[in-house]
Student: 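Sharing a structure with you now.
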Amino acid sequence: MKALVYHGPDRKAWEEVPDPEITDEGDAIVRVDTTTICGTDLHILGGDVPEVYAGRILGHEAVGTVVEVGDNVHRLSPGDRVLVSCISACGTCRFCREGRYGQCLEGGGWVLGHKINGTQAEYVRVPYADTSTYRIPDGVSDEAILMLADILPTGYEVGVLAGGVRPGDVVAVIGAGPVGLAAIATARLFSPSHIVAVDLSDARLKKAMEFGADITVNDSHEDTVAVIKDLTGRLGADVAIEAVGVPVTFELAVRLARPGGRIANIGVHGHPAVLHLEEQWARDITITTGLVDASSTPTLMRLVNTGQLDAGRFVTHRFSMDEFEQAYDVFGDAASNGALKVVLTRQEEGADK
Ligand SMILES: NC(=O)c1ccc[n+]([C@@H]2O[C@H](COP(=O)([O-])OP(=O)(O)OC[C@H]3O[C@@H](n4cnc5c(N)ncnc54)[C@H](O)[C@@H]3O)[C@@H](O)[C@H]2O)c1
Ligand SMILES: [Zn+2]
Ligand SMILES: [Zn+2]
């Protein structure tokens with residue numbers, strides 16, 4: 001089969017590799033029908049996630065069709081259309097029992113495209129397939145459901161739920177990429193008084209308004225702290241969500257929160273960020289950070305299915321799988337082309353391009 005293989009920082013190629021095989025009786029082999037690229041893949045290519053070795057197939061999001069299941073898979077059969085979550089879960093370890101699938105102790109968690117081969121491929125081996133995939137209801141498009149593989153649960157769980165967004169809150173979201181926009185869209189479910197989106201790209205800020213932000217701030221030439229102070233009687237935001245993954249935005253998020261406020265870090269960080277405890281120690285703040293569990297996937301699927309959450313609108317660009325290089329170029333240069341999620345779809349055998 002063909003797959004997108006990581007060859008070290010800044011190097012990748014769509015190339016011929018061996019087909020995946022069932023290696024554990026809980027595995028399934030899924031034919032990837034639709035996959036996408038995540039900001040985290042850019043962090044990997046930037047060298048920020050050193051545990052990803054050269055030779056790894058990238059990707060941790062997919063919608064596909066089950067082609068083969070191991071002897072210990074009971075809830076899936078060949079032909080089933082499934083969402084492959086970015087988080088795999090053994091389902092039985094201490095953390096999985098608590099719904100903390102991201103922290104799975106038995107080889108689950110974020111493993112796809114990280115510790116084992118991922119979904120940017122024609123086929124993928126999914127471990128613990130019963131508890132790491134979701135059967136897809138009829139009537140919902142592959143593209144919309146694909147947004148539940150990572151960005152929507154991430155924005156919702158690691159941003160909105162961890163940050164404890166409540167009705168009436170002022171919520172600052174730093175980073176209006178797909179994950180920040182997912183946080184904005186799901187924060188709206190809680191009726192905050194204002195959502196302030198912060199980014200360096202006007203194109204992304206325009207998207208933020210479409211996804212539910214009330215105010216936008218371009219931090220390259222506007223004073224974000226002053227905007228938030230003016231809005232909140234000098235207090236600061238109730239919740240500041242960091243959805244970029246660089247030190248300066250984490251440090252900004254901490255400065256934006258009011259006394260007693262909450263800072264929810266979502267970003268994947270490759271460099272140390274400074275926590276100015278000498279300024280913050282007396283301010284009663286709560287800082288959360290973590291990996292998505294994707295435990296909210298069934299809830300989000302219901303919201304998508306009933307039309308309360310429009311997941312399909314994240315998709316801006318479409319490619320076939322042999323166009324991975326272009327897709328990465330477009331996704332990596334989102335500031336100039338307005339890209340949010342780029343979707344790569346399997347070509348039907350024998351179909352013309
Ligand atoms: N914690 C988790 O489980 C988890 C899961 C998925 C993704 N992530 C991380 O979430 C982050 C966002 O993902 P994404 O796919 O939306 O990434 P992205 O790269 O598409 O978007 C990041 C956005 O931040 C903006 N930005 C960059 N520097 C900025 C600055 N100094 N100030 C304000 N805005 C700035 C960019 O213009 C862009 O719009 C990434 O770090 C990704 O790795 C974390
Ligand atoms: Zn991701
Ligand atoms: Zn587990």
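Quick caveat: nothing in here was measured; it's all calculated off a predicted structure. Order of appearance sets the numbers: ligands from 1, and atoms from 1 within every ligand.
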Student: Side chains of Thr249 and Glu242: donor-acceptor distance under 3.5 Å anywhere?
Tutor: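 Note: Thr249 and Glu242 side chains meet the donor-acceptor criterion.
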Student: Taking only heavy atoms of Gly175, which atoms of ligand 1 are found under 4.0 Å from at least one of them?
Tutor: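 Matching atoms, with element in brackets: 24 (O).
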Student: Among all protein heavy atoms, pick out the one at the shortest distance from atom 42 (C) of ligand 1; state its residue, atom name and that distance to 0.1 Å.
Tutor: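 Ranked first by proximity to atom 42 (C) of ligand 1 is Thr40 OG1, 3.4 Å.
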Student: Check this for me - ligand 1, Ile266, N or O atoms closer than 3.5 angstrom, yes or no?
Tutor: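 The answer is yes, given that Ile266 and ligand 1 share an N or O pair closer than 3.5 Å.
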Student: Should the heavy atoms of other residues, nucleotides or ligands under 6.0 Å from CZ of Arg75 be counted, would the total exceed 12?
Tutor: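 No, because the 6.0 Å sphere around CZ of Arg75 holds 12 heavy atoms or fewer from other groups.
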Student: Among Pro178, Cys86, Gly39, Ser220, whose heavy atom sits nearest atom 20 (O) of ligand 1?
Tutor: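 Result: the heavy atom closest to atom 20 (O) of ligand 1 is in Pro178.
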Student: Here's one to test your reading of the geometry: is the NZ or CZ of Lys12 within 45 degrees of the ring axis of Phe324 and under 6.0 Å from its centre?
Tutor: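 No, Lys12 does not sit over the ring of Phe324.
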Student: Show me which atoms of ligand 1 lie under 4.0 Å from any heavy atom of Gly290.
Tutor: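 Listed by number with element, the hits are 1 (N), 2 (C), 3 (O).
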Student: Looking from the Zn ion (ligand 3), what is the angle between SG on Cys104 and SG on Cys93, to the nearest 10°?
Tutor: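 Vertex the Zn ion (ligand 3), arms to SG of Cys104 and SG of Cys93: 120°.
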Student: Which of the numbered atoms in ligand 1 are under 4.0 angstrom from any heavy atom belonging to Thr154?
Tutor: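 Those of ligand 1 that fall under 4.0 Å from Thr154 are 2 (C), 4 (C), 5 (C), 6 (C).
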Student: Does Cys86 bring an N, O or S atom to within less than 2.8 Å of the Zn ion (ligand 2)?
Tutor: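 Looking at Cys86, which is the residue asked about, there is no N, O or S atom under 2.8 Å from the Zn ion (ligand 2).
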Student: Return the option from Val244, Val179, Val248 holding the heavy atom at the smallest distance from atom 40 (C) of ligand 1.
Tutor: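 Looking at heavy atoms only, the winner is Val244.
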Student: For Arg100 and Asp293, run salt bridge (Lys or Arg N to Asp or Glu O under 4.0 Å): C-alpha distance rounded to whole Å, both residues' side-chain angles, the deciding distance at 0.1 Å, then the answer.
Tutor: CA-CA 5 Å; Arg100 285 184 190 275; Asp293 293 310; 5.3 Å; no
Student: Out of Pro153, Gly180, Ala243, whose heavy atom sits nearest atom 22 (C) of ligand 1?
Tutor: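 It is Ala243 whose heavy atom sits nearest to atom 22 (C) of ligand 1.
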Student: Measure the shortest side-chain to side-chain distance between Asp238 and Arg166 over non-hydrogen atoms and say whether it is less than 4.5 angstrom.
Tutor: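 In short, these two side chains do not touch, never coming nearer than 4.5 Å.
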Student: Considering non-hydrogen atoms of the protein only, which is the closest contact for atom 38 (C) of ligand 1, and what is the distance?
Tutor: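 Sorting protein heavy atoms by distance from atom 38 (C) of ligand 1 puts Arg204 NH1, 3.2 Å first.
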Student: For Leu181 versus Ala208, what's the shortest heavy-atom pair and its separation?
Tutor: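 Where Leu181 meets Ala208 most closely, the heavy atoms are CD2-CA, 3.4 Å.
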Student: Any heavy atom of Leu291 closer to ligand 1 than 4.0 angstrom?
Tutor: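 Yes; Leu291 lies near enough to ligand 1 that a heavy-atom distance drops under 4.0 Å.
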Student: Quick one: nearest non-hydrogen protein atom to atom 32 (N) of ligand 1, plus distance?
Tutor: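 Going by distance alone, atom 32 (N) of ligand 1 is nearest to Thr249 CG2, 3.4 Å.
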Student: Could you tell me the residue and atom name of the protein heavy atom closest to atom 3 (O) of ligand 1, and the distance to it rounded to 0.1 Å?
Tutor: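 Closest protein heavy atom to atom 3 (O) of ligand 1: Val292 N, 2.9 Å.
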Student: Any side-chain heavy atom of Val126 sitting closer than 4.5 Å to one from Val66?
Tutor: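 No, too far: nothing below the 4.5 Å cut-off.
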Student: Can you tell me which residue and heavy atom of the protein come closest to atom 39 (O) of ligand 1, and the distance to 0.1 Å?
Tutor: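 Going atom by atom, the protein heavy atom closest to atom 39 (O) of ligand 1 ends up being Asp199 OD2, 2.7 Å.
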Student: Check the orientation of Phe314 and Phe211. Use parallel for under 30°, tilted for 30 to 60°, and perpendicular for over 60°.
Tutor: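 Ring orientation of Phe314 relative to Phe211: tilted.
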Student: Any idea which atoms of ligand 1 are less than 4.0 Å away from a heavy-atom of Val268?
Tutor: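 Listed by number with element, the hits are 8 (N), 9 (C), 41 (O), 43 (O), 44 (C).
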Student: Please check whether Asp219 reaches ligand 1 - meaning an N/O of the residue sits under 3.5 Å from an N/O of the ligand, judged on distance alone.
Tutor: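 No.
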Student: Using distance alone, with no hydrogens and no angle criterion, decide if Ser201 and Asp199 have a side-chain donor and acceptor under 3.5 Å apart.
Tutor: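 Ser201 vs Asp199: no donor-acceptor pair found between side chains.
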Student: What part of Asp150, side chain from CB on, backbone N/CA/C/O, both or neither, has a heavy atom under 4.0 Å from ligand 1?
Tutor: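 It is the side chain that touches ligand 1; the backbone stays farther off.
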Student: Is it true that some N/O/S atom of Asp41, main chain or side chain, lies under 2.8 Å from the Zn ion (ligand 2)?
Tutor: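 No N, O or S atom of Asp41 is closer than 2.8 Å to the Zn ion (ligand 2), so no.
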